[in-house]
Amino acid sequence: MRAVIQNSVGGPEVLVIANQPDPAPKAGEVRVRVKAAGINPVDGAVRAGYYPLLGEPPFILGWDISGTVETLGAGVTGLKVGDEVFGMPRFPKQAAAYAELVAVPADEIALKPKAADHTQAGALPLAGLTAWQGLVRHGALKSGQRVLVHAAAGGVGHLAVQIAKARGAYVIATASPNKLDFVRRLGADEVIDYTKGDFTSQVSDIDLVLDPIGGEHAERSLKVIRNGGVLVSLLNLSDATRALASARDIRVERMSVVPDREGLVELGRLIDADKLTVHVAKSFRLEEAGAAHAFLATKPIGKVALTV
């Protein structure tokens, strides 16, 4: 099979196409012929050596997949050859999604939503599960709550806005000036241009904040959360932030996404119910993985994907 490998850490140019052995599914696994693979910021951090999840190269990047089941390993039930599936297998261990074939745990994938094509489904899992787990599992989101989503035009953010709306929340979203209209179209009730003053002076009485930015941004977010509210951060929280939160009875959660078949099923239901759309800013061929990483670094609206 063809796969994108890297033999050293560095810029997008280290991603190269090479022939690799076809993976064989072990017991409890299936082999999937990949149609699309999503690209996420964590991929670039691992590639560059900033986030050494996979140890030293060589390795194959990627966790998001959408494709067709080709082979069943021993003991697999509930799936059959030919099923269209999607998922985020093995994270944070190597899943080797930038490839024509992957062997993945059967219980970490789900049937692809019918209303999404493979490119959209392949771009969904990691960002979608991050948004879902952040809002629902960690944030315990309830209908009628006021939710603030930062970086709302990004991969996680644009999905979080839609998930929160689908669950009955009043959604306030921050974005840059050129992305405000996009976020409005997602259904946000209020949109804040973060370049025009401090967001803390423009919003208050928030029940739940989803923050993918971290640092002092997370600390400032505490100012707009009501006593007893929740801050869910995708990045590490400082001791000072935790202390300030504790003083106001604000629950803080530092989350890392995990494989979640139930979450995938819920995301698929939202897509098929026309309550969730995956915006793919641009897709690239497998052999263009380096160009795809360079494009992602420009912070486009929505997601970026490889098509196989």
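All figures in this text were calculated on a predicted structure; none of them were measured in a lab.
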**Q.** Path from L234 to L231 over hydrophobic side-chain contacts below 4.5 Å
**A.** no
Q.
Less than 4.5 Å apart, side chain to side chain, heavy atoms only: is that true for V4 and V16?
A. no
Q: Give the C-alpha distance, both sets of side-chain angles, the deciding distance and a yes or no for side-chain contact (heavy atoms from CB on, under 4.5 Å) between V42 and L53.
A: CA-CA 9 Å; V42 66; L53 286 180; 4.1 Å; yes
Q. Would I213 and L235 count as a side-chain contact (heavy atoms from CB on, under 4.5 Å) if you check the C-alpha gap in whole Å, the side-chain angles of each, and the deciding distance to 0.1 Å?
A. CA-CA 7 Å; I213 301 170; L235 297 174; 5.7 Å; no
Q) To the nearest 0.5 Å, how far apart are CZ in F59 and CD in Q6? A) 4.0 Å
**Q.** For the student: nearest non-hydrogen atoms of T119 and A305, plus distance
**A.** CG2-CB, 4.0 Å
Q. If only atom types and distance count, is the side chain of R261 paired as donor or acceptor with the main-chain N or O of I109 below 3.5 Å?
A. yes
Q: Would you confirm whether E253, through its side chain, and M255, through its main-chain N or O, come within 3.5 Å as a donor-acceptor pair?
A: no
Q) Nearest 0.5 Å, what's the CG-CZ distance between L101 and R2? A) 11.0 Å
Q) Any chain of hydrophobic side-chain contacts (each under 4.5 Å) joining V203 to V171? A) no
Q.
Within the 4.5 Å heavy-atom criterion, are W63 and P259 side-chain neighbours or not?
A. no
Q. With the 4.5 Å side-chain cut-off for hydrophobic clustering, are I39 and V278 part of the same group?
A. yes
(Q) For H118, run the side chain to side chain donor-acceptor pair (under 3.5 Å) check against K35, E84, K112 and tell me which one passes. (A) E84
Q) What distance do D211 atom CG and S233 atom OG have between them, rounded to the nearest 0.5 Å? A) 5.0 Å
Q) When you check the side-chain N and O atoms of N236 and R254, is any donor under 3.5 Å from an acceptor? A) yes
Q: Determine, using the 4.5 Å side-chain heavy-atom cutoff (strictly less than), whether F86 and V258 are members of one ILVMFWY cluster.
A: no
Q) Between S66 and V34, is any pair of side-chain heavy atoms under 4.5 Å apart? A) no
Q. If you measure from OG1 on T200 to CD1 on I206, what distance do you get to the nearest 0.5 Å?
A. 12.0 Å
**Q.** Any donor-acceptor pair under 3.5 Å from D260 side chain to G263 backbone
**A.** yes
Q: Answer yes or no: does atom CG of D274 have more than 12 heavy-atom neighbours from other residues, nucleotides or ligands under 6.0 Å?
A: no
Q.
Check this for me, if you would: do K165 and D189 make a salt bridge, where the nitrogen-to-carboxylate-oxygen distance has to be below 4.0 angstrom?
A. yes
Q.
Between R269 and D272, does any side-chain N to carboxylate O distance fall below 4.0 Å?
A. no
Q: Would you confirm whether T241, through its side chain, and L237, through its main-chain N or O, come within 3.5 Å as a donor-acceptor pair?
A: no
**Q.** Note: R31-E29 ion pair, threshold 4.0 Å (strictly below)
**A.** no
**Q.** hydrophobic_cluster_shared for V85 and M1, side chain cutoff 4.5 Å
**A.** no
Q. Is there a donor-acceptor contact under 3.5 Å from the side chain of Q162 to the main chain of H158?
A. yes
Q.
If you count heavy atoms of other groups shown closer than 6.0 angstrom to CG of D239, is the number above 12?
A. no
Q: Work out which heavy atom in A164 is nearest to a heavy atom in L135; give both atom names and the distance.
A: N-CD1, 4.0 Å
Q: Could you walk me through whether E108 and F91 pass the side-chain contact (heavy atoms from CB on, under 4.5 Å) test, one step at a time?
A: CA-CA 10 Å; E108 293 183 358; F91 190 83; over 6 Å; no
Q) Quick one: are V183 and D181 in side-chain contact, heavy atoms under 4.5 Å? A) no
Q: Working to the nearest 0.5 Å, report the span between OG of S238 and CG of L244.
A: 8.0 Å
Q.
Would W132 and L159 count as a side-chain contact (heavy atoms from CB on, under 4.5 Å) here? Give the steps.
A. CA-CA 8 Å; W132 176 266; L159 299 169; over 6 Å; no
Q: Answer whether the closest heavy-atom distance between the side chains of L124 and I271 falls below 4.5 Å.
A: yes
Q.
So which atom in A116 and which in A121 form the shortest heavy-atom distance, rounded to 0.1 Å?
A. CB-N, 4.3 Å
Q: Any pair with a residue in residues 293-307 that passes salt bridge (charged side-chain N to carboxylate O under 4.0 Å, His left out), sequence neighbours left out, goes on the list, sorted by first then second residue, please.
A: D64-K303
Q: Check whether any side-chain N or O of Q94 sits under 3.5 Å from a backbone N or O of L61 as a donor-acceptor pair, and report yes or no.
A: no
Q: Have a look at L111 and tell me which of L264, D83, V265 forms a side chain to side chain contact (heavy atoms under 4.5 Å, CB included) with it.
A: D83
(Q) Using the side chain to side chain donor-acceptor pair (under 3.5 Å) criterion, which residues pair with E216? Sequence neighbours excluded. (A) R220
(Q) Between Q120 and D117 (side chain of the first, backbone of the second, donor and acceptor by atom type, cut-off under 3.5 Å), is there such a pair? (A) yes
Q) Any side-chain heavy atom of L141 within less than 4.5 Å of one from V147? A) yes
Q) Is the Y194 to H150 ring centre distance short of 6.0 Å? A) no
Q. Does E288 use its side chain to pair, donor to acceptor, with the backbone of S283 at less than 3.5 Å?
A. no
Q. Side-chain contact, heavy-atom cut-off 4.5 Å: V30 with V32?
A. yes
Q) Can you tell me if D198 uses its side chain to pair, donor with acceptor, with the backbone of S201 under 3.5 Å? A) no
Q | Inter-residue atom distance L276.CG - E266.CD, 0.5 Å rounding | A | 11.5 Å
Q) Given the side-chain rings of F199 and H217, with only the six-membered ring counted for Trp, is the space between their centroids under 6.0 Å? A) yes
**Q.** V9 side chain reached by R47 side chain, heavy atoms, under 4.5 Å
**A.** no
